[in-house]
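What you see is a predicted model; the values in this text were computed from it and never measured. The sequence lines fix the lettering, A, B, ..., with proteins before strands; numbering per chain opens at 1.
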Amino acid sequence: MISIELIRKNPDYVKENLSKRDQILSYKIDDILQLDEERRQKIKNLEELRAVRNAKSKEIGLFKKQGQDTSLLEEEIRNLKDQISELEDVVARIERYMNDLILRIPNLIHESVPFGVNEHDNIEIKRYRDIPKFDFEIKDHSDLCVSRGFIDFDKASEISGGRFSILRGPLAKLERALTNFMLDINMKNGYEEISPPHLVKDIALIGTGQLPKFKEELYFIQEDGLYLIPTAEVPLVNVYRDSILKEDELPIYLTAYTPCYRREAGSHGKDIKGLIRQHQFDKVELVKITHPDSSYDELEKLLNNAEEILQLLELPYRVMVLCSGDIGFSASKTYDIEVWIPSQDKYREISSCSNCEDFQARRANIRFKDETGKNRFVHTLNGSSLAVGRTLVAIVENYQTKDGKIRIPKVLKEYIKEEYI
RNA sequence: GGAGAGAUGGCUGAGUGGUCGAAAGCUGGUGACUCGAAAUCACUUGUGGGUUUAUAGCUCACCGGGGGUUCGAAUCCCCCUCUCUCCGCCA
């Protein structure tokens with residue numbers, strides 16, 4: 001969440017910044033300011049009363065020791081009690097309301113983020129490798145894989161419904177190879193491999209920003225009050241929740257492979273065919289916990305780490321800076337990596353690398369002790385090493401041959417012995 | 001799922017109604033000693049909020065979470081969560 005001190009001290013700056021995302025947010029800032037004012041006033045009253053009560057109670061203790069009568073003092077305090085508990089209720093109510101409001105305010109945007117309304121205003125900053133030319137009629141990954149018996153969408157929808165898939169034989173193996181390949185590269189780049197829980201409590205999702213605002217995107221297990229993770233970012237960032245790190249522990253690099261579960265509410269009709277948009281997909285994730293001073297350098301490095309995977313797989317891609325209107329709720333700045341999908345004749349998102357600055361750190365209460373001994377919030381970053389399912393799509397389509405086979409990228413040779421599948 | 005034990009500051013661990021924000025030890029910090037270091041000694045070392053120009057002072061809250069009893073709760077009562085041990089079940 002945004003710092004309330006910052007809202008209080010510089011409301012105009014906050015409003016101006018948030019209005020780059022959405023004009024309506026500035027009204028909410030006004031609401032928060034008003035509540036904050038009220039809250040502080042009430043707290044002041046409350047604490048004065050409590051101070052009086054505490055002093056008198058202390059006196060009673062002393063008097064009783066001396067065997068003196070204290071009934072008068074006790075009566076005085078009894079009169080305070082109702083006022084105190086009434087004020088306590090008021091303060092608690094204001095704080096709950098204020099908290100709920102502020103948890104729904106998105107992060108402030110970094111100054112280098114371009115202004116824009118939607119995804120069309122994102123800016124391309126880099127392109128890697130020429131798009132492939134085919135001297136035959138290409139197939140999309142879905143047709144190709146179904147015809148080869150590598151994917152069974154029909155059976156999957158019978159078992160689980162739409163947007164699920166069954167990968168078979170060589171394609172299932174290719175998926176596993178990709179996961180291992182990404183994890184191995186990430187470990188080479190200094191990331192610690194984590195195997196996290198896939199079911200988490202609401203506090204974890206509040207910590208990373210999916211809750212309270214995006215509940216409808218999440219699968220929820222009613223009986224146990226647990227959510228299926230929409231990304232490994234959630235458990236990874238929460239590994240350090242409620243902790244005070246030593247400055248020399250930073251930066252921390254984590255990587256994890258997990259399935260990701262998303263309801264895709266509001267995506268009706270989008271990417272109906274194929275593996276592009278599924279309710280369940282595998283992803284290898286990168287998370288960094290860093291010092292605030294170095295988080296933007298770390299973001300560049302994180303992006304490079306994700307790009308390296310595509311470069312090694314020899315897949316054409318481009319890098320986009322997301323504009324202010326398209327950037328995610330928790331992020332201050334985001335790069336998307338888009339891979340070339342021949343059948344769609346366009347680039348599609350395959351990784352998203354973000355610096356959340358201290359937005360998640362505040363929510364998850366992740367701090368470090370700086371050299372002066374002061375506790376400060378860390379910065380958190382996350383990025384897809386790559387979304388495995390979409391990488392699979394990109395490989396199938398970009399590496400397809402005239403006779404409907406798929407060439408295995410060179411770097412995967414140590415995971416898959418065949419030349420083609 | 002059944003039976004029992006427990007949850008206290010960065011860590012270990014005292015504390016069963018009043019001067020306890022909390023003993024003691026460890027860790028960390030500062031200083032003394034030393035050429036320097038170790039050892040030793042002295043002092044010091046929690047978090048968040050309110051007020052404030054202030055990292056000063058004053059003040060409030062916090063001893064797993066929530067509620068209650070009381071003038072007063074780490075301490076008593078109720079509920080919940082989590083951890084540990086044993087039994088059962090189970091990949």
**Interatomic distance, A/Lys201 NZ vs B/C80 P [rounded to whole Å]** = 15 Å

**Item:** Distance in angstrom units between A/Ile203 CD1 and B/G64 P, rounded
**Value:** 17 Å

**Prompt:** Can A/Asp100 and A/Arg104 be counted as an ion pair, charged N to O under 4.0 angstrom?
**Reply:** yes

**Message:** If we check side chain to side chain contact (heavy atoms under 4.5 Å, CB included) with A/His141, which of these qualifies: A/Lys273, A/Glu397, A/Arg390?
**Reply:** A/Glu397

**Fill in**
Scanning all shown strands, the Watson-Crick or wobble mate of B/C58 with both distances under 3.5 Å is B/G50

**Interatomic distance where CG belongs to A/Leu245 and C1' belongs to B/G28 [whole Å]** = 16 Å

**Message:** I'd like the P distance from B/A7 over to B/U55, given in whole Å.
**Reply:** 37 Å

**Item:** Rounded distance in Å - CD (A/Glu247) to P (B/G10)
**Value:** 19 Å

**Request:** Once you apply the 3.5 Å cut-off to both distances, tell me the Watson-Crick or G-U wobble partner of B/G36, or none.
**Result:** none

**Message:** Taking the P atom in each of B/U12 and B/A91, what is the distance between them to the nearest angstrom?
**Reply:** 36 Å

**For A/Arg148, all residues meeting salt bridge (Lys or Arg N to Asp or Glu O under 4.0 Å), sequence neighbours excluded** = none

**Request:** Indicate yes or no: at least one non-hydrogen side-chain atom of A/Cys353 is less than 4.5 angstrom from one of A/Leu381.
**Result:** no

**Asked** Does B/A91 pair with anything, Watson-Crick or G-U wobble, both distances under 3.5 Å, and if so, with which nucleotide?
**Response** none

**Prompt:** Considering Watson-Crick and G-U wobble pairs with both distances under 3.5 Å, what does B/G64 pair with?
**Reply:** B/C80

**Request:** Determine the interatomic distance between P on B/C78 and the same-named atom on B/U19; round to the nearest Å.
**Result:** 25 Å

**Message:** Please report the distance separating the P of B/G9 from the corresponding atom of B/G66, rounded so that it comes out in whole Å.
**Reply:** 15 Å

**Message:** Distance check, C1' atoms only: B/A37 and B/U59, in whole angstrom units.
**Reply:** 45 Å

**Request:** Under a 3.5 Å limit for both distances, which nucleotide forms a Watson-Crick or G-U wobble pair with B/G31, could you say?
**Result:** B/C41

**Asked** OP1, OP2 of B/A61 versus side-chain N and O of A/Asn54: anything below 4.0 Å?
**Response** yes

**Request:** Could you state the atom-to-atom distance from CG of A/Asp370 to P of B/U55 in whole Å?
**Result:** 14 Å

**Request:** Between B/U45 and B/U30, how far apart are the C1' atoms? Round to whole Å, please.
**Result:** 10 Å

**Item:** Check: A/Glu193/A/Tyr257 side-chain N/O donor and acceptor closer than 3.5 Å
**Value:** no

**Request:** Searching all strands shown, indicate the nucleotide that pairs with B/A74 (Watson-Crick or G-U wobble; both distances under 3.5 Å).
**Result:** none

**Request:** If the plane angle is over 60° it's perpendicular, under 30° parallel, otherwise tilted; pick one for A/Tyr261 and A/Tyr219.
**Result:** perpendicular

**Request:** In whole angstrom, give me the gap between the C1' atoms of B/A73 and B/C63.
**Result:** 11 Å

**Prompt:** Which of parallel (below 30°), tilted (30 to 60°) and perpendicular (above 60°) describes A/Tyr191 and A/Tyr253?
**Reply:** tilted

**Item:** Nearest-0.5 Å distance, CZ of residue A/Phe115 to OG of residue A/Ser324
**Value:** 5.0 Å

**Request:** Sticking with atom C1', work out how far B/G50 lies from B/G64, rounded to a whole angstrom.
**Result:** 26 Å

**Item:** Set of side-chain contact (heavy atoms from CB on, under 4.5 Å) partners for A/Lys58, sequence neighbours left out
**Value:** none

**Item:** Atom pair distance, as rounded to whole Å: CG in A/Leu49 and C1' in B/U59
**Value:** 13 Å

**Residue-level proximity of residues 75-85 of chain A to RNA chain B when a heavy atom falls under 4.0 Å** = A/Ile77, A/Arg78, A/Lys81

**Complete:** When both distances are under 3.5 Å in a Watson-Crick or G-U wobble arrangement, the nucleotide paired with B/C26 is B/G10

Please list, for nucleotides 17-21 of chain B, all pairs of protein and nucleotide N/O atoms separated by less than 3.5 Å.
from  : atom 1 : to      : atom 2 : distance (Å)
B/G18 : N2     : A/Ser57 : O      : 2.8
B/U19 : O4     : A/Lys65 : NZ     : 2.4

**Request:** Answer yes if the side chains of A/Asn355 and A/Ser332 hold a donor-acceptor pair under 3.5 Å, and no otherwise.
**Result:** no

**Prompt:** So A/Tyr227 and A/Phe220, would you call those rings parallel, tilted or perpendicular, with 30° and 60° as cut-offs?
**Reply:** tilted

**Asked** Rounded to whole angstrom units, what separation is found between the CD atom of A/Gln41 and the P atom of B/C60?
**Response** 18 Å

Got a list of protein N/O to nucleotides 46-53 of chain B N/O distances below 3.5 Å?
from  : atom 1 : to       : atom 2 : distance (Å)
B/U47 : OP1    : A/Lys369 : NZ     : 3.3
B/U47 : OP1    : A/Asn375 : ND2    : 3.1
B/U47 : O3'    : A/Arg367 : NH1    : 3.0
B/G48 : OP1    : A/Arg367 : NH1    : 2.7
B/G49 : O3'    : A/Arg39  : NH2    : 3.3
B/G49 : N2     : A/Glu47  : OE1    : 2.4
B/G49 : N2     : A/Glu47  : OE2    : 2.5
B/G50 : OP1    : A/Arg8   : NH2    : 3.1
B/U51 : OP1    : A/Arg40  : NH1    : 3.3

**Prompt:** Which residues satisfy the salt bridge (Lys or Arg N to Asp or Glu O under 4.0 Å) test with A/Arg93, sequence neighbours excluded?
**Reply:** none

**Asked** Are any of A/Arg53's side-chain N or O atoms less than 4.0 Å away from OP1 or OP2 of B/U70?
**Response** no

**Asked** Looking at A/Thr258, A/Thr231, A/Thr179, which one forms a side chain to side chain donor-acceptor pair (under 3.5 Å) with A/Lys283?
**Response** A/Thr231

**Request:** Write down the partner of B/C86 under the Watson-Crick or G-U wobble criteria, each distance required to be under 3.5 Å.
**Result:** B/G2

**Item:** Between B/U59 (P) and A/Leu87 (CG): distance, integer Å
**Value:** 20 Å

**Request:** Measure the acute angle between the ring planes of A/Trp340 and A/Tyr347, then classify it against the limits of 30° and 60° as parallel, tilted or perpendicular.
**Result:** perpendicular

